[in-house]
Amino acid sequence: MPSWPTAPGASRLPNRRNSAIMDTGKLAYMANQIARNFAAQGEDEAVAATLDHIAKFWDPGMKAGILEHGGEGLSPIAARAISALREG
Amino acid sequence: MTYERQKDFGTPEVLAETQVTLIIDGREVTVPAGTSVMRAAAECGGSIPKLCATDNMKAFGSCRLCLVEIEGRKGTPASCTTPAEQGMVVATQTPRLEKLRRGVMELYISDHPLDCLTCSANNDCELQDQAAAVGLRDVRYGYEGADHLGAPVDTSNPYFDFDPSKCIVCSRCVRACDEVQGTLALTIDGRGFASMVSAGQTGDDFLSSECVSCGACVQACPTATLQEKSVKEIGKPERSVVTTCAYCGVGCTFRAEMRGEQLVRMVPWKDGKANRGHSCVKGRFAWGYANHADRITSPMIRETIHEPWREVSWDEALAYTAGKLNAIKAQYGARALGGITSSRCTNEETFLVQKLVRAGFGSNNVDTCARVCHSPTGYGLKTTFGTSAGTQDFDSVMQADVMLVIGANPTDAHPVFASRMKRRLRQGAKLIVIDPRRIDLVRTPHVSAEHHLALRPGTNVAVLTAMAHVIVTEGLVDQAFVAERCDVDAFEDWARFVSDERHSPEFLAEVTGVPATTLREAARLYAKGPNSAIYYGLGVTEHSQGSSTVMAIANLAMATGNIGRPGVGVNPLRGQNNVQGACDMGSFPHELSGYRHISDGDTRALFEADWQVSLDDDPGLRIPNMLDAALDGSFRAIYIQGEDILQSDPDTRHVAAGLAAMDCVIVHDLFLNETANYAHVFLPGSTFLEKDGTFTNAERRIQLVRKVMEPANGLQDWQVTQALANAMGLGWTYTHPREIMDEIARLTPSFEGVSFERLDEQGSLQWPVNEANPDGSPVMHVDGFVRGKGLFVVTDYVPTDEKTGLRFPLLLTTGRILSQYNVGAQTRRTANVVWHEEDVLEIHPVDAENRGLKSGDWVRLASRKGETTLRAKVTDRVAPGVVYTTFHHPETQANVVTTDYSDWATNCPEYKVTAVQVSRSNGPSDWQENYAELADRSRRIAPAEPAE
Ligand code: SF4
Ligand code: SF4
Ligand code: SF4
Ligand code: FES
């Protein structure tokens with residue numbers, strides 16, 4: 001048998017309508033990656049740019065996901081951007 | 001419409017400011033100085049007999065058929081090589097000329113078979129026409145002397161034959177291959193009577209020679225010597241329709257020449273502004289997939305992917321699909337639904353798919369396959385210049401003094417444009433290539449790159465920042481341009497950043513693998529131009545710093561003032577035919593057509609009023625996010641038009657798992673592609689020959705695609721999307737794609753002046769087409785950037801997280817090859833497979849030797865993600881430590897090994913860097929065998945139930 005799931009097993013997962021989606025570790029990785037690429041602009045600018053980027057390009061489920069994420073493993077710039085996102 | 005060949009003016013058009021007026025056969029005609037007498041005569045409706053001249057190459061003056069008399073001059077000069085002059089009085093038909101021409105013609109005909117009536121070129125042969133034109137009735141020399149009539153026919157090329165017995169040695173084919181294509185595959189061997197056209201070296205035939213099967217020689221040949229096999233098989237065309245190639249982003253236009261409902265041949269259209277009468281093997285010949293036996297023409301459904309497919313009527317398929325989508329939406333909300341538009345489909349089809357998702361599904365979960373190719377271009381050029389598009393038209397390259405080609409392989413991926421580049425390079429322009437692999441352009445006949453920076457994959461940003469370092473610290477910045485056109489504060493921040501010693505070529509050499517002196521020289525050459533143009537491809541975008549690289553490129557162009565006039569610019573070479581269009585049409589989840597953000601209330605209001613719905617103001621999911629969300633259970637249904645994400649997207653297992661987790665996967669395509677193995681609904685698609693619409697090429701040129709035959713599946717793709725929308729209750733009423741374009745124009749400022757009527761009149765338009773640029777815009781950012789001031793962006797080199805190590809010591813990079821296209825769904829179903837039967841792994845001799853490998857060996861290619869097997873090809877085209885393969889064949893599926901690392905800004909996958917190990921293998925991997933079994937099972941179609 002093929003070595004990856006072929007059955008729609010995920011349909012047994014809970015309905016997570018309007019709630020956080022995705023592996024939040026992956027979202028944290030993405031946030032760090034964005035923050036790292038803005039870092040050379042200086043910390044304050046990089047925080048603002050990271051926040052703006054996430055606001056502009058992430059869907060609501062991803063935003064909810066990163067807010068649910070405990071902040072573990074986030075770089076200082078990403079962490080500041082995410083707390084700013086939380087504050088709205 | 002009756003069939004006529006396109007008018008041939010004999011010699012190329014001349015662009016000159018001075019005009020000259022002359023009299024030809026009593027008619028006055030005014031032409032640009034430098035125009036030949038032959039062309040001038042053609043311009044005023046005359047036609048001077050000719051054989052060796054044709055208007056897409058320089059005059060040659062060998063056949064002596066085109067003689068004319070000029071008042072006050074002795075003799076009878078050849079009109080093709082004589083420039084028109086002010087006040088000249090020319091006679092093209094006199095008894096003396098007629099006699100001379102008949103004599104010339106007699107010689108040609110005496111060595112030519114006289115089987116016109118049975119020849120496949122009968123009535124479509126210039127030799128025959130010219131013999132008639134000069135009034136040749138009989139031949140005095142007899143046919144008993146030596147001739148070439150018994151020479152064997154070379155049938156090795158799958159698309160055209162070479163029958164030397166019919167050759168008149170006019171050299172048109174040789175010159176076409178040299179001047180138009182730039183391959184120099186043909187020569188005239190021997191002298192005098194013994195001279196013969198020959199492909200490649202002694203012993204070669206067309207297939208084994210350097211010939212790339214572009215067809216230029218076939219088009220140039222005035223006889224049936226070089227002729228398409230399809231003309232022999234089907235017969236002479238009876239009508240023709242001008243349409244646009246559906247393969248790559250060059251956007252060549254062709255005359256689809258038809259006999260009844262059958263396509264006889266595709267002949268490049270000389271008035272096409274993208275291709276100027278040239279073509280490549282794909283657009284010219286590889287259209288046979290359109291009626292391949294694998295094509296699916298009826299809709300099919302199934303409850304689960306373990307069942308065989310069931311053929312159903314369109315009504316049943318659409319009702320079933322709409323029912324599923326509505327139920328999922330009711331249970332899980334609009335955001336559980338999404339769609340993928342295709343860069344292969346028309347603008348109108350793409351626009352409808354994103355409209356269906358936004359207005360019908362009610363989410364912004366729409367993305368396009370450009371996600372995996374040029375989304376970083378979108379981000380990078382929008383940020384720096386203000387809009388996401390190449391800045392130039394293709395003609396611009398003819399004014400470039402320096403070309404910098406980075407991460408692109410134009411001779412394989414954009415062949416017709418590559419021919420233009422090569423022509424300019426042969427004229428003396430200089431070339432810098434930045435690529436880990438020695439692409440063909442680095443050294444082709446009469447072209448040799450000044451500098452080849454063979455960098456380590458993944459270090460583009462470091463190389464470009466080092467070039468910026470040289471430009472700034474050596475005082476090569478165009479200060480006036482920067483002061484006038486750019487945001488000066490941002491420039492100063494950037495200049496300070498790049499000047500830092502840690503960005504010097506010397507400091508970075510160890511990281512990039514590029515010697516500092518080479519890099520410095522390349523930077524100086526680019527900066528000094530005076531006209532320097534950058535051309536780039538997926539080797540720029542498909543990296544974890546793809547967007548940064550695009551911005552680094554834009555920075556270089558701004559710093560040196562290479563923006564806003566012909567000959568310069570930043571030019572993304574788009575992979576698929578309509579990548580530009582798909583992006584323009586609002587296929588990205590965060591923006592509406594014309595690159596306007598979904599959160600912009602004014603733009604949304606415009607669409608809401610037009611569509612009579614309210615739109616979600618939050619961005620939707622991108623393809624990789626959709627797959628992640630599917631595994632999480634929050635994303636459950638997808639409509640995929642004309643894309644094969646299972647084969648084309650990275651980390652195949654992850655894609656497969658994501659698709660398998662969805663409740664409803666709808667694939668709308670020509671074939672049961674790999675993605676369809678995970679689909680519940682299959683909606684058959686139509687080919688570009690069967691639809692009306694528009695494509696937008698890499699130079700923002702919008703061109704019409706015209707229907708030349710009825711869709712085999714019964715519906716054009718836009719009709720299928722409309723029917724699905726209506727099954728969901730949307731009540732759409734488009735009757736023709738022109739109405740969709742009218743809606744696009746109404747809602748998109750850069751398309752304001754575009755309509756099918758105008759495209760029909762003008763042939764093509766380059767957006768923006770608006771009040772300020774009513775006839776379109778060949779060059780952008782002429783007086784100012786779209787965003788106002790050009791923005792320099794600091795691009796810090798951040799190494800990818802994909803690292804080589806003991807287990808995976810080599811870097812894999814992927815690409816494409818001339819004869820195949822993308823996942824190969826089309827080209828694998830044509831005779832193009834003779835050039836590329838399978839994907840192979842290129843490996844450097846040193847790496848091969850360390851592993852005991854030789855060319856042809858089966859090797860196992862393994863990464864942290866997966867493994868596959870394929871055959872090795874040992875070559876020094878790749879640097880030590882780097883291996884390379886293509887992704888055209890599902891049996892290999894190179895993407896089993898690629899990772900899901902992606903561009904930080906756009907999630908464009910990092911196809912170009914994967915740490916791998918290569919070792920000897922006995923044959924297919926378990927994965928390949930399992931997948932083959934799954935694919936076979938999944939493609940079963942249940943026999944139709946007998947009608948009641
Ligand atoms: S098909 Fe193209 S490449 Fe081949 S010989 Fe003819 S012109 Fe040259
Ligand atoms: S093959 Fe055709 S184009 Fe070439 S020399 Fe012969 S007649 Fe001319
Ligand atoms: S594939 Fe590209 S280069 Fe080739 S004919 Fe089509 S548009 Fe032109
Ligand atoms: S056409 Fe002028 S010499 Fe042949």
Side-chain angles (χ1 to χ4, degrees), chain A residues 1-43 45-46 49-50 52-66 68 73 75 77-78 81 85 88, chain B residues 304-306 331-333 335-336 363-365 379 493 497 544-545 547-548 589-590 597 599 616 618-622 625 628-636 652-654 656-658 660-663 677-678 793-796 798 801 900 902-907 926-927 930-931 933-934 938:
Chain A
M1 274 303 286
S3 49
W4 66 80
T6 56
S11 60
R12 288 186 296 276
L13 291 172
N15 169 13
R16 307 188 59 177
R17 173 178 187 167
N18 292 333
S19 80
I21 61 149
M22 301 190 1
D23 174 356
T24 56
K26 194 162 185 175
L27 294 171
Y29 178 86
M30 288 165 64
N32 281 342
Q33 204 191 355
I34 296 165
R36 174 66 189 86
N37 274 278
F38 285 125
Q41 301 186 358
E43 180 158 335
E45 285 82 358
T50 305
D52 179 59
H53 191 92
I54 289 175
K56 271 201 186 129
F57 296 103
W58 284 23
D59 108 302
M62 293 164 72
K63 286 174 195 150
I66 194 73
E68 249 175 46
S75 70
I77 294 172
L85 181 72
Chain B
T304 75
I305 61 171
H306 305 289
Q331 195 179 348
Y332 299 98
R335 288 184 183 148
S363 76
N364 286 316
N365 294 334
Y379 180 89
D493 287 346
F497 173 81
S544 62
Q545 283 202 294
S547 293
S548 308
H590 65 280
H597 202 273
S599 63
D616 189 348
D618 260 316
L621 294 163
R622 306 185 270 209
N625 314 140
D628 290 340
L631 284 171
D632 205 75
S634 58
F635 185 83
R636 314 189 73 101
T652 309
R653 288 164 197 251
H654 180 65
M662 294 182 205
D663 299 334
N677 292 338
Y678 292 87
V793 177
V794 167
T795 55
D796 196 12
V798 180
D801 287 326
D900 60 3
S902 64
D903 174 43
W904 65 271
T906 64
N907 284 147
D926 288 352
W927 180 86
N930 285 338
Y931 184 76
E933 184 201 318
L934 171 106
S938 183

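Chain naming here is simple, since letters A, B, ... match the order of the sequence lines and numbering starts at 1 in each.
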So for A/A55, is it side chain, backbone, both, or neither that comes closer than 4.5 Å to the heavy atoms of chain B?
backbone
Please classify the contact of B/Y379 with chain A as side chain, backbone, both or neither, using a heavy-atom distance under 4.5 Å.
side chain
Any idea which heavy atoms bring A/I34 and B/W904 closest together, and the distance?
CG1-O, 3.4 Å
Honestly, the part of B/N364 sitting under 4.5 Å from a heavy atom of chain A is neither
Contact winner vs chain A - B/D903, B/D796, B/T906, heavy-atom pairs under 4.5 Å:
B/D796
Can you check whether A/Y29 reaches B/D801 side chain to side chain, under 4.5 Å on heavy atoms?
yes
Find out whether B/D628 and A/M62 are in side-chain contact, i.e. whether some heavy atom of one side chain is under 4.5 Å from a heavy atom of the other.
no
Taking the side chain as every heavy atom from C-beta outward, state whether B/H590 and A/W58 have any pair of such atoms under 4.5 Å apart.
no
Let me know if B/S363 has heavy atoms under 4.5 Å from chain A in its side chain, its backbone, both or neither.
neither
Can you name the closest pair of heavy atoms from B/H654 and A/K26 and give their distance?
NE2-NZ, 3.9 Å
What distance do B/T795 atom OG1 and A/Q41 atom CD have between them, rounded to the nearest 0.5 Å?
10.5 Å
Turns out that what part of B/S548 lies under 4.5 Å from chain A's heavy atoms comes down to side chain
Take B/V794 and A/E45 through the side chain to side chain contact (heavy atoms under 4.5 Å, CB included) test and state the conclusion after the steps.
CA-CA 12 Å; B/V794 167; A/E45 285 82 358; over 6 Å; no
Heavy-atom pair of closest approach, residues B/A905 and A/H53
O-NE2, 3.1 Å
Verify, without hydrogens or angle tests, whether A/Q33 (side chain) and B/S902 (backbone) share a donor-acceptor contact under 3.5 angstrom.
yes
B/R335 with A/D59: basic N within carboxylate O range, under 4.0 Å:
no
